[in-house]
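First comes the structure, then the notes that go with it.
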Amino acid sequence: MQRLYRKRIVLGVGGGIAAYKSAELVRRLRDQGAEVRVVMTQGGREFITPLTLQALSGHPVHMDLLDPAAEAAMGHIELAKWADLILIAPATADLMARLAQGIANDLLTTLVLATDATVALAPAMNQAMWRDAATQANAQLLEQRGLRLFGPATGSQACGDVGPGRMLEADDLAQRAADCFQRQSLTGKHVLITAGPTQENIDPVRYITNHSSGKMGFALAEAAVEAGAKVTLITGPVHLPTPDRVNRIDVVSARDMLAACEAAMPCDLLIASAAVADYRPEVIAAHKLKKDPSTGDGLLLQLVRNPDILATLAAREDRPFSVGFAAETENLLGYAARKLKDKNLDLIVANDVANPTIGFNSEENAITIIDRDLQASSFAQTSKGKIARQLVAFIAERLTRA
Ligand code: C5P
């Protein structure tokens with residue numbers, strides 16, 4: 001199992017002798033499936049070469065805040081947004097002091113201020129420097145602000161001293177990085193997620209479908225597993241790998257999807273992110289339809305309504321906590337609120353598919369969640385992975401209140 005599958009990690013390398021272990025750390029993070037981008041401080045470059053870390057991470061190392069070429073490739077704000085986790089290893093006493101003060105005088109410290117990702121530090125320094133009251137106060141302050149501290153370990157040090165201040169080993173750091181994505185908020189819950197488009201056949205070679213890629217539903221499945229849930233993911237035809245520990249069931253049409261959902265019941269939570277076709281051809285032709293001269297230039301397809309999967313499951317006696325999606329191109333919140341009521345939902349997630357940067361098939365999303373009291377909560381545009389984790393955390397909190 002790759003515990004960091006597709007997670008985006010910025011590895012910050014500070015100026016300490018433990019930087020030699022950062023090379024191994026890049027390997028261990030990638031072994032666990034992470035995408036790694038390395039940022040080095042000036043001091044870090046004195047201990048290990050950028051070339052080593054570039055070769056191991058497979059990407060150029062980011063070093064300077066004010067380098068026009070690097071900024072053109074991936075600017076510092078973009079990199080800060082890209083990250084799911086910023087892991088600084090080694091984190092020197094100086095770096096910790098600068099972070100505690102909110103100083104942003106190089107690329108790494110600037111990223112920490114600019115990111116909404118989790119930030120973790122692996123302190124590495126001489127034992128006396130670690131024990132110093134200033135460092136201890138900084139460590140405490142950073143933890144209070146929500147930064148994670150991994151270590152340090154106690155033992156013999158490069159300088160010959162013995163005591164606390166050794167950077168944790170690469171394996172241990174990679175496991176702790178993975179733990180950052182693990183939550184308990186849905187432990188013991190069965191979560192049913194629908195995803196992707198449905199495909200409604202016209203004849204043996206043609207069908208009606210839509211632009212849904214399934215990315216949001218798959219990201220939700222991953223986030224729900226990380227939150228401790230047992231996840232059943234029922235998906236229409238998509239080109240996506242199955243997230244670890246997710247029970248995936250592939251279906252084609254809306255009716256297949258409904259049948260698969262009913263078979264997977266009961267569940268505690270239903271998240272319906274599938275873009276289900278509202279209509280299907282009344283009859284599926286047994287043979288490929290031919291151009292028929294008697295109908296002139298036209299072809300009339302008789303369509304009939306598909307069942308509403310979400311509304312059907314939300315109407316059951318063993319109804320789960322039900323969350324729907326409203327992908328709209330206009331009057332977003334109005335339509336979303338109406339759907340919440342019509343389908344008897346607990347929450348509805350509205351997203352504006354007219355905006356090409358967050359619509360179907362895009363990598364990012366921005367959402368507004370509306371509850372039964374018509375209270376709206378918005379999450380700003382970011383990667384679908386991050387939106388999924390925020391949404392799952394929000395839903396889990398409402399579920400425990402319900
Ligand atoms: O009515 P509309 O299709 O806009 O509603 C969107 C929400 O309802 C989504 O959560 C979608 O997954 C769900 N839905 C469904 N079955 C349908 C149509 C929509 O589960 N036939």
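Start at 1 and go down the list; that is how both ligands and their atoms are numbered.
Ordered by chain and residue number, the residues placing a heavy atom less than 4.0 Å from ligand 1 are Ala272, Ala274, Val276, Asp278, Pro307, Asp308, Ile309, Leu310, Gly324, Phe325, Lys339, Lys343.
Between atom CZ of residue Phe394 and atom CG of residue Asp371 there is a gap of 6.5 Å, rounded to the nearest 0.5 Å.
With sequence neighbours excluded, no residue forms a salt bridge (charged side-chain N to carboxylate O under 4.0 Å, His left out) with Glu78. Among residues two or more places apart in sequence or in another chain, the salt bridge (charged side-chain N to carboxylate O under 4.0 Å, His left out) test is passed with Asp346 by Arg319, Arg372. Checked against side-chain contact (heavy atoms from CB on, under 4.5 Å), Lys230 has the following partners two or more places apart in sequence or in another chain: His190.
When atom types are taken as modelled, the side chain of Thr312 and the backbone of Asp308 share a donor-acceptor pair closer than 3.5 angstrom.
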Quick one, Glu200 with Asn306, criterion side chain to side chain donor-acceptor pair (under 3.5 Å). Give me CA distance, side-chain angles, the key distance, then yes/no. CA-CA 10 Å; Glu200 310 296 336; Asn306 263 329; 3.3 Å; yes
